[in-house]
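Comments concern the structure below.
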Amino acid sequence: MKRAGFDNPWLPILLLLPQLSIICLFFYWPAWQALRSSFFLEDPFGFGETFVGLQNYTRLWDSPQYMKNAWFTLWFSFLVTFFSLAIALLLAVKADTVLRGARTYRTLLMWVYAVAPPVAGFIALILFNQRWGPLTEAFAQFGWLLRVRLEYFDTAFAMIVASVWKQVPVNFIFFLSGLQSIPRAVREAALIDNRSGISRFWTVTFPLLAPTGFFLLIINITYSLFDTFGMIDTILRNNPGDQPVTLVYQVYLDGFRGQDIGGSSAQSVVLMVLVLALTVFQFRLVERRIHYT
Amino acid sequence: MAELSHTILLPPEQARAARPVAPARRHRRPLRWGAVGNHAVLIAGALFMLAPLLMLVQMSTIPDAQIMRTGPSFEIGDRFWPNLEKALTESMSFSGETTGLNMFRNSMILGLGFALGKIVISMMAAYAIVYFRLRFATLAFWLIFTTLLLPLEVRIVPSYEITQKLGLLNSWTGLIVPLIASATATFFFRQFFMSVPEELLEAAKIDGAGPVKFFIDILVPLSRTMIAAMFIIMFVFGWNQYLWPVMVSTEEGKFTLVQGIKQITQGLEGGHIPEYGRSNILAILAVLPPVLVVVFFQRWFVKGLTESDK
């Protein structure tokens, strides 16, 4: 807040009103609804609801389907985060060193940021087409016959490839801006001390990029959890069967299609707790980052 | 001496290259395998990103029957313009409303409406929080910034129920307003307003400017770059929405291009020849506007992204 702020009593309330009313209506009310319904069992015909305590939560814990999807979400997030960070870091380091065509490379490597996730799924469907998909053919050369949308593991593989493709640009942009903010004096001192490029990267550049990397870690986990919905829905063509889905997709299936409001609310609350934990973790890291610099 | 300082000012890689070259042969650069390797990695990365889109374009130029047999290839055919016309003007369903043009218009309404609405609302809120002595300032601040913690996806089903209760299904309001209920842009503008020098406000007050005049004549013009950066990020975000439109807009006249991808892939199934040409053009149409915005306004976009996400 500014020291010499205005004293007008009504104007600030008027200015805050649109934002606050939208937030109350479409944020706090639904969040409260989710929390409340997670303790109730709703009559499927809409005639009423009964308080069931934690039953909706224990039901999740006991559901093999839910636990299976939870495991899938876990290793899906891990692999997507790992590969998109690793590829982006490699590309950012190279884009930072080359002199010719640096701008062209930057543009070519970042535009995919703007591609909508369902389109990434659509492209994956073509690349992994059963009969003539270029990637199906490429892997068949190595004796791996991919059957996306039929085999659990193969579908997961296609989803990971599409997600990594879509996520590399964001990481690339952040890593590159992180690299460019390393002071020139530090780079030159490192160059004098250490002629080997690889060892210079691990002892100087990588530790200096660590704060960016921690921040991106959270961003990527959140991405794998939430922003992959459209891609997954497109690959499964609306018909998941026994194919892998993430927990967010499960919320949609149970709550919107299956009309199991109590169960899907409990799932929403689980996700909320997960996101809150991630955010607290991130804030603590950001706090620590201040001591670095 | 001038030579030496010049070398130090160069980026490290270039400095290393410049040093051993004898003055007489300065213009002929030795081929460095390290640089070749760097370019090879970057070209491979660029191809990894670009190849899928080029494949979509290639497939839209050859007849559907041929794609059904052989899939994508390096052949360029002559079906692009007929396919484009079909994608833009012919509807995918019986209602006659899911033409490419109609969906393009709806996507524009969603992208622009979301970006504009979000920017106007968050600038107002951020202005109130930063520039006024308000009794509930701390409460308002926490109410607003708690929304940063939870994305729409985790409260999607209750949000749908509330939108339904309010009778907002299949309306632009029901589509756009719930998406605005998060404080990313408000947070960003708050950070920016905080960095504006205090003296500016004091000077304006001495000159007799009221709060409205100060906002419109000084603060908004000062935030031009920030507004542009936010606008690009928000337009791309709004245009690319999928889950919420799928739930809220069920009337075909309201379908957006990104949402239409679902219909497009379903059109690829079934006994008849799948319409790859038309589908691919619709997919390209769905990515083109946000990609062009990001490419052409790259500097603002990168600024907005790296500064707002923190």
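Order of the sequence lines sets the chain letters (A, B, ...), proteins ahead of strands, with each chain counted from 1. Computation of the quantities below employed the complete heavy-atom set of this structure, encompassing side-chain atoms and omitting hydrogens, waters and symmetry-equivalent molecules.
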Practice task
Could you walk me through whether B:L134 and A:L16 pass the side chain to side chain contact (heavy atoms under 4.5 Å, CB included) test, one step at a time?
Solution key: CA-CA 11 Å; B:L134 189 65; A:L16 278 168; 3.6 Å; yes
Problem - Steps toward side chain to side chain contact (heavy atoms under 4.5 Å, CB included) verdict (A:Y252, B:V246) - result: CA-CA 11 Å; A:Y252 165 79; B:V246 162; 4.2 Å; yes
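Side chain of B:W239 to backbone of A:A116: no donor-acceptor contact under 3.5 angstrom is found. Under the 3.5 Å distance criterion, the side-chain polar atoms of A:S268 are matched with a main-chain donor or acceptor of B:V154. Side chain of A:W29 to main chain of B:P158: no donor-acceptor pair is present (N/O by atom type, distance under 3.5 Å, no hydrogens or angles). Side-chain atoms of B:N240 do not come within 3.5 Å of backbone N or O of A:P117 as any donor-acceptor pair.
Residue with the most contacts toward chain A among B:F214, B:Y127, B:Y160: B:Y160 (heavy-atom pairs, distance under 4.5 Å). Note on A:V98, A:V275, A:L108: by heavy-atom pairs under 4.5 Å with chain B, the leading option is A:V98. Options A:D7, A:V251, A:L271 differ in how many heavy-atom pairs under 4.5 Å they form with chain B, and the most are formed by A:D7. Interface check for chain A: of the options B:L56, B:L47, B:I180, the most heavy-atom pairs under 4.5 Å are formed by B:L56. When the candidates B:V177, B:I144, B:V295 are compared by the number of heavy-atom contacts under 4.5 Å with chain A, B:I144 comes out ahead. Interface check for chain B: of the options A:T279, A:L91, A:L14, the most heavy-atom pairs under 4.5 Å are formed by A:L91. For chain A, the option among B:A126, B:P178, B:A125 with the highest count of heavy-atom pairs below 4.5 Å is B:P178. Here B:L243 is the residue among B:V291, B:L243, B:V41, B:V236 with the most heavy-atom pairs under 4.5 Å with chain A. Taking B:A181, B:A128, B:P211, B:A46 one by one and counting their heavy-atom pairs under 4.5 Å with chain A, the maximum is reached by B:P211. In terms of heavy-atom pairs under 4.5 angstrom with chain B, the leader among A:D254, A:I126, A:L278 is A:I126.
B:L179 does not touch chain A: none of its heavy atoms, backbone or side chain, sits under 4.5 Å away. No part of B:V293 comes within reach of chain A, as not one of its non-hydrogen atoms sits under 4.5 angstrom from that chain. In this structure, chain A has no heavy atom under 4.5 Å from any part of B:Q241. Only the side chain of A:L125 comes within contact range of chain B, with at least one heavy atom under 4.5 Å from a heavy atom of that chain. Proximity to chain A (any heavy atom under 4.5 Å) is shown, for B:A51, by neither the backbone nor the side chain. Heavy atoms of A:L20 lying under 4.5 Å from chain B belong exclusively to its side chain. Both the backbone and the side chain of A:F27 come within less than 4.5 Å of a heavy atom of chain B. Contact of B:M55 with chain A is made through the side chain alone, with heavy-atom distances under 4.5 Å. Only the side chain of B:L168 comes within contact range of chain A, with at least one heavy atom under 4.5 Å from a heavy atom of that chain. Using a 4.5 Å cut-off between heavy atoms, B:L257 does not touch chain A at all. For A:S264, the part sitting under 4.5 Å from any heavy atom of chain B is the side chain, from C-beta outward, and nothing else. Using a 4.5 Å cut-off between heavy atoms, A:N8 contacts chain B through both its backbone and its side chain. At a 4.5 Å heavy-atom cutoff, A:L176 makes no contact with chain B through either its backbone or its side chain. Heavy atoms closer than 4.5 Å to chain A are found in both the backbone and the side chain of B:S159.
The number of heavy-atom neighbours closer than 6.0 Å to CZ of B:F145, taken from other residues, nucleotides and ligands shown, is above 12. When the shell of 6.0 Å around CZ of A:F83 is examined, it contains 12 or fewer heavy atoms from other residues, nucleotides or ligands. By the neighbour-count criterion of 12 heavy atoms within 6.0 Å, atom CZ of A:R257 is densely surrounded, having more than that number from other residues, nucleotides or ligands. Within 6.0 Å of CD1 in A:I198 there are 12 or fewer heavy atoms belonging to other residues, nucleotides or ligands.
Summarising the geometry of B:L42 relative to A:A95, their closest heavy-atom pair is CD2-N, 3.7 Å, with the distance given to 0.1 Å. Between A:Q19 and B:S182 the shortest heavy-atom distance is NE2-O, 4.3 Å. Closest heavy-atom contact between A:I23 and B:L143: CG2-O, 4.2 Å. Heavy-atom minimum distance, A:R100 versus B:H39: O-CE1, 3.4 Å. Residue B:W142 comes nearest to A:Y28 through the heavy atom pair O-OH, 4.0 Å, listed as atom of the first residue, atom of the second, then distance. In terms of heavy atoms, A:F174 sits closest to B:L305 at CZ-O, 3.6 Å.
Side-chain contact between A:P169 and B:M49: present, with at least one pair of heavy atoms (C-beta onward) separated by less than 4.5 Å. Looking only at side-chain heavy atoms (C-beta outward), A:W111 and B:L292 stay at 4.5 Å or farther from each other. Side-chain contact check for A:F6 versus B:L201: some heavy-atom pair is nearer than 4.5 Å. Side-chain contact between B:F215 and A:L15 is absent, with no heavy atoms from C-beta onward closer than 4.5 Å. The side-chain heavy atoms of A:D227 and B:E153, taken from C-beta on, include a pair separated by under 4.5 Å. Put simply, the side chain of B:I156 does not reach to within 4.5 Å of the side chain of A:F256, judged on heavy atoms. Between A:F122 and B:N280, some side-chain heavy-atom pair lies under the 4.5 Å cut-off. No side-chain heavy atom of B:V302 sits under 4.5 Å from any side-chain heavy atom of A:R106.
Paired with B:V287 under the rule side chain to side chain contact (heavy atoms under 4.5 Å, CB included), one option of A:V112, A:I123, A:V115 passes, and it is A:V115.
Aromatic pair B:Y276/A:W132: centroids less than 6.0 angstrom apart.
Separation of atoms CD (A:Q33) and CD (B:E161) is listed at 6.5 Å; rounding is to 0.5 Å.
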